[in-house]
Amino acid sequence: SSSSSSNRAGDGGGAITTGKETAARVAKGQAGDAGAIGGAAAFGSSSLFLTEANAERIVNTLCHMRGAALKIGQMISIQDSAMVPPELTRIFERVRDSADYMPSYQIEKAIASELGSAWRGQLREFDARPFAAASIGQVHRAVLLDGTEVAMKVQYPGISRSINSDIDNLLTLLKIAHLLPPGTYLENTMNVARQELEWECDYRREADYQRRFRAALEADGDPFFFVPRVVAELSSEKVLTTHMVDGEDLESARNAPQATKNRIGEQLLDLTLRELFRHMFMQTDPNWSNFMWDEQRQQIALLDFGASRDFPKSFLDDYIRVIDCAARGDRQGIVDASVRMGFLTGFETPVMMAAHVDAVTILGEPFSSSEPFDFTRQSVTHRIHALIPVMLKHRLTPPPDETYSLHRKLAGVFLLCTKLGSQVRCKHTFDKLLSEYSFG
């Protein structure tokens with residue numbers, strides 16, 4: 001409804017009280033019970049905290065801070081999904097599906113405050129009904145004076161001002177509700193989320209990364225992926241206009257011939273490793289909808305560069321070593337590089353050390369054999385999940401900040417390959433990049 005969307009898209013202040021009230025009400029009614037259950041049971045389906053009424057209340061609260069909630073949901077689900085109760089996952093899914101739209105008068109106002117009142121003069125057409133929702137905005141179709149079709153992404157007003165309070169409220173809610181296991185270093189996760197959300201609210205930064213990405217693909221001579229052009233004169237900090245692309249999201253390729261699915265998987269993995277080890281920056285949001293599959297052209301358009309980031313050379317030097325050691329089964333090499341990167345302190349218990357090395361070794365499996373890796377048969381995620389409880393219990397330090405978004409991307413690309421049913425020559429792809437990589 002327009003009233004709820006204008007409420008949510010307003011100044012964000014309402015969300016603050018709602019968050020605190022919900023946390024307080026939930027605490028009063030349920031904290032005793034959740035505390036009494038204690039331990040792992042509190043995170044499972046037996047958690048008394050997550051009654052249907054409470055779940056409903058939390059969904060309504062999180063909808064008022066949807067950008068922050070979706071970001072946290074995304075980070076938690078990739079971080080430690082084995083330990084997140086299914087009820088919490090369902091809550092985040094409901095928030096994701098609950099997009100409200102700004103009414104047209106509010107859209108006009110939002111764009112005018114960014115681009116000036118004469119913005120419509122630069123367009124032949126503008127569709128006031130959005131065709132897509134982004135986590136912190138909505139996307140409209142428009143046509144430039146020369147007939148070029150474009151997509152205009154417009155940010156909800158007030159989002160950037162309420163990031164800090166929204167994240168603080170979420171942190172309070174998750175803590176009071178005992179909704180996450182100890183060992184997840186929640187504050188650290190929230191701080192990384194805060195930083196990412198601030199980046200994503202700056203559409204100028206996103207436009208810069210989109211241009212850099214376009215240039216990188218051109219430098220690589222890549223015919224398979226392309227990045228739509230940014231329309232600079234219709235872009236600002238809170239409005240981003242780019243050329244429209246054809247195609248459907250990548251999920252549509254699930255019915256393609258096996259050879260096509262293998263090619264898509266191989267190209268996705270190749271692009272991911274190139275982003276990291278050749279160009280040293282990466283688009284870190286591996287959503288189906290950020291890859292548009294054009295079946296006619298057999299090409300993928302890449303969208304949404306808000307979560308892009310650079311990686312320091314010293315971090316990449318050690319990270320490529322970790323993958324190489326994992327692929328070769330060099331356990332000591334994994335430990336040495338992990339300590340240098342800050343994954344381990346070097347003072348962990350033997351059981352934690354073993355669990356970490358096992359997890360990294362499992363992740364390295366796709367890169368260890370010359371045979372194409374069959375993502376439909378792999379049990380990588382399942383086996384890593386089995387190690388997570390040990391790591392949560394014995395971990396001495398949170399993972400390096402760079403790894404939150406990096407692992408989200410890697411896990412997401414593995415998941416895309418799994419859902420597509422791709423068979424990918426991972427070792428071939430990695431070895432090629434390793435051979436051209438220069439250390440130091």
>> Parallel, tilted or perpendicular: which one describes the rings of His356 and Phe343, with boundaries at 30° and 60°?
In response: tilted

> If you take all heavy atoms of Ile159 and Cys201, which pair is closest and at what distance?
Replying inline: CG2-SG, 3.6 Å

> Donor-acceptor pair, Gln298 side chain versus Glu295 backbone, under 3.5 Å?
Replying inline: yes

>> Using side chain to side chain contact (heavy atoms under 4.5 Å, CB included), reason through Arg408 and Glu196 one step at a time and then give a plain yes or no.
In response: CA-CA 13 Å; Arg408 177 175 68 226; Glu196 281 198 12; 3.1 Å; yes

> Looking at Arg141 and Glu149, does any basic side-chain N land under 4.0 Å from a carboxylate oxygen?
Replying inline: yes

>> Donor-acceptor check, side chain of Thr403 to backbone of Pro399, threshold 3.5 angstrom: yes or no?
In response: no

> More than 12 heavy atoms of other residues, nucleotides or ligands under 6.0 Å from CD of Glu248: is that the case?
Replying inline: no

> Do Phe226 and Val245 have side-chain heavy atoms sitting under 4.5 Å apart?
Replying inline: yes

>> Is the positively charged end of Arg211 above the ring of Phe213, judged by distance under 6.0 angstrom from the centroid and angle within 45° of the axis?
In response: no

> Should Asn191 and Tyr404 be marked as a side chain to side chain donor-acceptor pair (under 3.5 Å) after you check the CA-CA gap, both sets of side-chain angles, and the distance that decides it?
Replying inline: CA-CA 11 Å; Asn191 287 334; Tyr404 286 82; over 6 Å; no

> Does the pair His243 and Thr148 meet the rule for a side chain to side chain donor-acceptor pair (under 3.5 Å), with working shown?
Replying inline: CA-CA 7 Å; His243 284 199; Thr148 305; 5.1 Å; no

> Where do Ser160 and Lys238 land on the side chain to side chain contact (heavy atoms under 4.5 Å, CB included) test, with the steps shown first?
Replying inline: CA-CA 10 Å; Ser160 55; Lys238 292 184 168 56; 3.7 Å; yes

>> Testing the basics here: between Asp294 and Asp246, what is the closest heavy-atom pair and its distance to 0.1 Å?
In response: OD2-CB, 3.8 Å

> Taking 4.0 angstrom as the limit, do Asp208 and Arg205 come out as a salt bridge?
Replying inline: no

> Heavy atoms, side chains only, cut-off 4.5 Å: are Gln423 and Gln258 in contact?
Replying inline: yes

>> Has Gln299 got a side-chain atom pairing as donor or acceptor with Trp293's backbone, closer than 3.5 angstrom?
In response: no

> Any donor and acceptor pair, going by atom type alone, linking the side chain of Ser162 with main-chain N or O of Ser165 inside 3.5 Å?
Replying inline: no

> What closest approach, in Å, do Val322 and Ala337 show between heavy atoms, and which atom pair accounts for it?
Replying inline: CG2-CB, 3.4 Å

> Just how far is it from atom CD1 of Ile323 to atom CG of Asp318, taken to the nearest 0.5 Å?
Replying inline: 11.5 Å

>> Using every non-hydrogen atom in the two residues, find where Gln210 and Phe305 come nearest and quote the distance to one decimal.
In response: OE1-CD1, 3.5 Å

> In Å, rounded to the nearest 0.5 Å, how long is the span from CD of Gln195 to CE of Met190?
Replying inline: 15.5 Å

>> side chain to side chain contact (heavy atoms under 4.5 Å, CB included) for Leu240 and Arg204? Distances and angles first, verdict last.
In response: CA-CA 8 Å; Leu240 177 60; Arg204 282 205 176 93; over 6 Å; no

>> Rounded at 0.5 Å granularity, tell me how far CE in Met282 sits from CG in Leu410.
In response: 5.5 Å

> Backbone N or O of Gly421 within a donor-acceptor pair of the Thr376 side chain at under 3.5 Å?
Replying inline: no

>> What I want to find out is whether Lys153 reaches Glu206 closely enough, with some N-O distance under 4.0 Å, to be called a salt bridge.
In response: yes

> Taking only residues two or more places apart in sequence, or in another chain, which ones meet Thr429 in a side-chain contact (heavy atoms from CB on, under 4.5 Å)?
Replying inline: Glu266, Leu269, Asp270, Leu273

> So, Thr284 side chain and Ala307 main chain: donor-acceptor pair closer than 3.5 Å or not?
Replying inline: yes

> Is a side-chain donor or acceptor of Asn290 paired with a backbone partner of Asp285 at a separation under 3.5 angstrom?
Replying inline: yes

>> Test side chain to side chain contact (heavy atoms under 4.5 Å, CB included) on Phe131 and Met244; report intermediate values, then the result.
In response: CA-CA 12 Å; Phe131 71 85; Met244 190 74 88; 3.9 Å; yes

>> Would you say that Lys409 contacts Gln283 through its side chain, given a criterion of any heavy-atom pair below 4.5 Å between the two side chains?
In response: yes

>> Do Leu234 and Val239 make a side-chain contact, defined as non-hydrogen atoms from C-beta onward lying under 4.5 Å apart?
In response: no

>> I want to check something: taking the side chain as every heavy atom from C-beta on, are Leu115 and Ser236 in contact at a cut-off of under 4.5 Å?
In response: yes

>> Under 4.0 Å between a side-chain nitrogen and a carboxylate oxygen: does that hold for Arg278 and Asp220?
In response: yes

>> For a salt bridge (charged side-chain N to carboxylate O under 4.0 Å, His left out) check, start with the C-alpha distance between Arg120 and Glu125, then their side-chain angles and the critical distance, and finish with the verdict.
In response: CA-CA 8 Å; Arg120 270 189 181 272; Glu125 287 173 41; over 6 Å; no

> Hey, does the side chain of Glu200 reach the backbone of Asp202 with a donor-acceptor pair shorter than 3.5 angstrom?
Replying inline: no

>> What's the separation between atom CD1 in Ile111 and atom CD in Gln106, rounded to the nearest 0.5 Å?
In response: 11.5 Å

>> Please determine whether a side-chain nitrogen of the Lys or Arg among Arg274 and Asp222 lies less than 4.0 Å from a carboxylate oxygen of the Asp or Glu.
In response: yes

> Out of curiosity, Tyr209 OH to Arg309 CZ, how far, rounded to the nearest 0.5 Å?
Replying inline: 8.0 Å

> Shortest non-hydrogen contact from Leu144 to Arg124?
Replying inline: O-CB, 3.7 Å

> Heavy-atom distance under 4.5 Å between the side chains of Leu396 and Met352, does that happen here?
Replying inline: no

> Taking it one step at a time, do Asp317 and Lys313 satisfy salt bridge (charged side-chain N to carboxylate O under 4.0 Å, His left out)?
Replying inline: CA-CA 6 Å; Asp317 281 359; Lys313 184 77 171 70; 2.7 Å; yes

>> If I compare all heavy atoms of Gly265 with all of Ser422, which pair ends up nearest, and what's the gap?
In response: CA-OG, 3.7 Å

>> Under 6.0 Å from the ring centre and within 45 degrees of the ring axis: does the NZ or CZ of Arg212 meet both conditions for the six-membered ring of Phe281?
In response: yes

>> I need the Phe291 CZ to Leu271 CG distance, nearest 0.5 Å.
In response: 7.5 Å

> Quick one: does Val424's side chain get under 4.5 Å of Asn262's, heavy atoms only?
Replying inline: no

> Between Arg194 and Asp168, does at least one N-O distance fall below 4.0 Å, as a salt bridge requires?
Replying inline: yes

> Taking C-beta and beyond as the side chain, do Phe367 and Phe373 meet within less than 4.5 Å on heavy atoms?
Replying inline: no

>> If the condition is side-chain contact (heavy atoms from CB on, under 4.5 Å), which residues does Ala256 pass it with, not counting sequence neighbours?
In response: Thr260, Lys261

>> Among Trp119, Phe126, Tyr101, which residue satisfies the ring pair (Phe, Tyr, Trp, His ring centres under 6.0 Å) criterion with His140?
In response: Phe126

